[in-house]
**Q** 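Following this message is one structure expressed as structure tokens.
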Protein chains: 2
Amino acid sequence: MRTIKDVAKLAGVSVATVSRALNKSGYVSEKSQLKVEAAIKELDFYPNEVARSLFQKKSKLIGLLLPDIANPFFPLVAKGVEDKVNEMGYKLILGNVQENPLKEAEYIRTFAQNNVAGVLSAVESSSKDLKNMPFVMLDRITSDKEYSVHSDDYQGGTLAAMAVSERSPGQVVVMVGPRSVSNSLVRLAGSVKVLEENNLTYQLFETESYQFDSAQESAHQLFELFPNVKSIIASNDIHALTIMREAIRRGLSIPSDVQVIGYDDNPYSKLMYPSLSTIAQPAYQIGYKGAEILCNRIEGLKVKEKISNCQ
Amino acid sequence: MRTIKDVAKLAGVSVATVSRALNKSGYVSEKSQLKVEAAIKELDFYPNEVARSLFQKKSKLIGLLLPDIANPFFPLVAKGVEDKVNEMGYKLILGNVQENPLKEAEYIRTFAQNNVAGVLSAVESSSKDLKNMPFVMLDRITSDKEYSVHSDDYQGGTLAAMAVSERSPGQVVVMVGPRSVSNSLVRLAGSVKVLEENNLTYQLFETESYQFDSAQESAHQLFELFPNVKSIIASNDIHALTIMREAIRRGLSIPSDVQVIGYDDNPYSKLMYPSLSTIAQPAYQIGYKGAEILCNRIEGLKVKEKISNCQ
DNA sequence: TTGAAAGCGATACCAG
DNA sequence: CTGGTATCGCTTTCAA
């Protein structure tokens, strides 16, 4: 790899001038500028980001923390993030935390060690150790002190319950995600409001995790616990699909015997038959908007609202 | 962030000694070692990877090039990669190329600018510009000069065709992925062999892309072109699911009127009803094994076979 | 066994 | 406008 010194030598100027020409900072005569540009082209030079980062104490990298990249919600978030940060000249260090707090802490340290410009996190607990880097939460709210982007969970919960209420719901079971994930509770609040307004009774069924592997087990338990369940508001599409499958395995028809409402933005839901009703979460937009807010903060622009809603 | 200087001062030794203690390289008296360790703990010091990388001309980062992270095959690959590189102390820079050669070239440059230790790529064209970095292809073979990991496509094609042949196939259509993707052709060869052995006639249907968005259009075209199709060997699960959906939309039953064989390792296929037959590709393992080979090469271990099969 | 000092490749201050 | 030089934080000779 060529360095700025090679360029300086070839262009017959000092490294300082090359640097100025490169960054269009400070004074450079047109003549020098042209010589430098020619040399850069000739040598196929591109600046070493590591050296830049060392001096500036800030790289063009952004950390992205995801709970589980195998959950199809998050690749979409990642895609939104990637599109926006690329637009702004940043790249991503991917941190797939797999709901493991140790991995999460390790990643946050790595981010610091690599002078990331900022961090985007869709992991619940992460706010604590991120003190020093600009960061934005995705799809989660931890406190109103932090920047975050999320879909409107309360309304989502409301919509899910309304969908259920409309079609002779019978026994209703509402799945609740891990207690620690606050938007799961907000969603629940939305659902509960509607169910109570309609004088429907309901049962809660807690799941510990949003991970794919445990969904199968949850679905089984749910039917053991509530054999007469007629309507289920699932905590995400993975659970919803798994529940439908379990229902079919038990000889129940969908939606006549059991109706299921999913919750996520999983492109596969659309391909399912019989169709799964689902409350869309704008995964891509959450990522894109979160990245936008983060980049603005990094570049020093004021971001008015700390908590942003999507759609 | 603390620096090695702070540690040196607190421990009462030179920075050189701290560095040696940190890396367990060269001579350090036990006494010094202990003083350094105590200081490190006291200050909560961790080395700046950027400075390291600048000196070593090599970072602890690995570039990962993916054609489309929204295609559920690739998050699984990424997960396998991530698990292995983490094990070996590396982190990932994510490059989602979206089948765009410009983005790809940009990412390869970024990787170089950040002194990545190596690159893993599931993108067809990428080998050219990667000359100087160790790299391994995932799920693709470009030439026998490059390291690569892939599933056995020929056998996969064989299996798909056998599954079709077993159940009164009627008119068979074999979807072929983009011509540029060589393993798509290898798969086809496997299928063709079996179909011809069984004296079955078949039609080819080419698709331009593995992208999600175009699948819908392909499915529509397929039925327009081959209205009497009875068996379809789809080029991946996204196409398979989309085709099933299109079939249903057209009032056909599955699998009695139309049978579809998918090809990928998409966890959602399993949740489908009516069940989609699918030839599993070990996405996670491809990622994991590719990362293993790359890490071994980076660490200077000999890797015997250039082309590795998975499962 | 230790520490002083020379880089790694870029930026930015400051004198000219 | 330009160039010399200190600097970012760390590693690695090399001499002591």
Side-chain angles (χ1 to χ4, degrees), chain A residues 1-37 39-40 43-61 89 109-117 132-133, chain B residues 1-37 39-40 43-61 89 109-117 132-133:
Chain A
M1 212 164 109
R2 306 315 202 141
T3 74
I4 203 173
K5 263 188 181 168
D6 302 320
V7 176
K9 195 178 295 173
L10 182 61
V13 299
S14 72
V15 293
T17 302
V18 176
S19 176
R20 265 176 255 133
L22 205 55
N23 300 294
K24 304 196 186 314
S25 65
Y27 297 102
V28 182
S29 66
E30 194 163 334
K31 208 177 109 207
S32 299
Q33 181 78 37
L34 291 173
K35 282 194 293 185
V36 169
E37 279 168 11
I40 287 179
L43 295 174
D44 187 30
F45 163 84
Y46 38 94
N48 183 320
E49 284 296 338
V50 175
R52 278 189 166 165
S53 164
L54 179 60
F55 186 90
Q56 319 243 10
K57 298 169 182 297
K58 187 168 144 183
S59 72
K60 282 295 194 180
L61 298 171
R109 184 152 37 71
T110 301
F111 292 164
Q113 290 180 288
N114 284 281
N115 293 170
V116 295
N132 304 311
M133 331 177 210
Chain B
M1 211 165 110
R2 305 315 202 142
T3 76
I4 204 173
K5 262 189 181 166
D6 302 322
V7 176
K9 194 178 294 173
L10 182 62
V13 297
S14 73
V15 294
T17 301
V18 175
S19 175
R20 266 176 251 131
L22 205 55
N23 300 295
K24 303 197 186 314
S25 66
Y27 296 102
V28 183
S29 67
E30 192 161 339
K31 208 175 111 209
S32 299
Q33 181 79 36
L34 291 173
K35 281 194 293 184
V36 169
E37 280 168 11
I40 287 178
L43 295 174
D44 186 31
F45 164 84
Y46 38 93
N48 182 320
E49 283 296 337
V50 175
R52 277 189 166 166
S53 163
L54 180 60
F55 187 90
Q56 320 242 13
K57 297 170 184 296
K58 188 168 141 183
S59 72
K60 284 293 193 183
L61 298 171
R109 184 154 34 72
T110 302
F111 292 163
Q113 290 180 288
N114 284 280
N115 292 170
V116 295
N132 305 311
M133 332 177 209

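Computed from heavy atoms alone, side chains included, the values below leave out hydrogens, waters and symmetry copies.
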**Q** Walk me through it: do B:Thr3 and B:Asn48 pass the test side-chain contact (heavy atoms from CB on, under 4.5 Å)?
**A** CA-CA 8 Å; B:Thr3 76; B:Asn48 182 320; over 6 Å; no
**Q** Starting at atom CZ of A:Phe55, determine the distance to atom C1' of C:dG9, rounded to an integer number of angstrom.
**A** 12 Å
**Q** So, is A:Thr3 close to the C:dG9 phosphate, meaning a side-chain N or O under 4.0 Å from OP1 or OP2?
**A** no
**Q** Rounded to whole Å, please give me the gap between CZ in A:Arg2 and C1' in C:dC8.
**A** 17 Å
**Q** With a 4.0 Å cut-off on heavy atoms, is A:Ser53 in touch with a base, just the backbone sugar-phosphate, or nothing at all?
**A** nothing
**Q** For B:Asn115 and C:dA10, give me the distance from atom CG to atom P, rounded to whole Å.
**A** 10 Å
**Q** Quick check on C:dT11: is either OP1 or OP2 less than 4.0 Å from any side-chain nitrogen or oxygen of A:Asn23?
**A** yes
**Q** Quick check: on DNA chain D, is the nucleotide nearest B:Arg20 upstream (toward 5') of the one nearest B:Tyr46, or the reverse? Name the residue that is more 5'.
**A** B:Tyr46
**Q** Should A:Ile40 and A:Leu22 be marked as a side-chain contact (heavy atoms from CB on, under 4.5 Å) after you check the CA-CA gap, both sets of side-chain angles, and the distance that decides it?
**A** CA-CA 9 Å; A:Ile40 287 179; A:Leu22 205 55; 3.5 Å; yes
**Q** To the nearest Å, how far apart are A:Lys35 NZ and D:dC1 C1'?
**A** 12 Å
**Q** Grab the NZ-C1' distance between A:Lys58 and C:dT11 for me, whole Å please.
**A** 15 Å
**Q** Less than 4.0 angstrom between a side-chain N/O of B:Ser32 and OP1 or OP2 of C:dT2, yes or no?
**A** yes
**Q** Which distance, rounded to the nearest 0.5 Å, do you find between the CG of B:Leu54 and the CG of B:Asn115?
**A** 7.5 Å
**Q** Go through it in stages, so that I can follow the logic: the residues are A:Val7 and A:Leu10, the test is side-chain contact (heavy atoms from CB on, under 4.5 Å), and I'd like the CA-CA distance, side-chain angles, deciding distance and then a yes or no.
**A** CA-CA 5 Å; A:Val7 176; A:Leu10 182 61; 6.0 Å; no
**Q** Tell me whether the OP1 or OP2 atom of C:dT11 has a side-chain N or O from A:Ser25 closer than 4.0 Å.
**A** no
**Q** Are any non-hydrogen side-chain atoms of A:Val36 and A:Gln33 less than 4.5 angstrom apart?
**A** no
**Q** With sugar-phosphate meaning primed atoms plus P, OP1 and OP2, does A:Glu49 contact a base, only sugar-phosphate, or nothing at under 4.0 Å between heavy atoms?
**A** nothing
**Q** So what does B:Val18 hit on the nucleic acid, given a heavy-atom distance under 4.0 Å: a base, only sugar-phosphate, or nothing?
**A** nothing
**Q** When rounded to the nearest 0.5 angstrom, what distance separates CZ in A:Arg52 from CD in B:Gln113?
**A** 7.5 Å
**Q** Rounded to whole angstroms, how far apart are CG on B:Asn48 and P on C:dC8?
**A** 18 Å
**Q** Side chain of B:Ser19 only, please: which of C:dG3, D:dT11, C:dA10 is the nearest?
**A** D:dT11
**Q** In whole Å, what is the span from the NZ atom of A:Lys5 to the P atom of D:dG4?
**A** 12 Å
**Q** If only side-chain N and O atoms of B:Arg52 are considered, is one of them under 4.0 Å from the OP1 or OP2 phosphate oxygen of D:dT11?
**A** yes
**Q** Taking CG from B:Leu54 and C1' from D:dT7, how many angstroms apart are they, rounded to a whole number?
**A** 12 Å
**Q** If you compare every side-chain N and O of A:Thr17 against the phosphate oxygens of D:dT2 (OP1, OP2), does one of them come in below 4.0 Å?
**A** no
**Q** At 4.0 Å (heavy atoms only), tell me whether A:Val28 reaches a base, stays on the sugar-phosphate, or touches nothing.
**A** sugar-phosphate
**Q** Which residue, B:Val15 or A:Met1, contacts DNA chain C at a nucleotide closer to its 5' end, judged by nearest heavy atom?
**A** B:Val15
**Q** Please determine if a side-chain N or O atom of A:Lys57 lies less than 4.0 Å away from the OP1 or OP2 oxygen of C:dT11.
**A** no
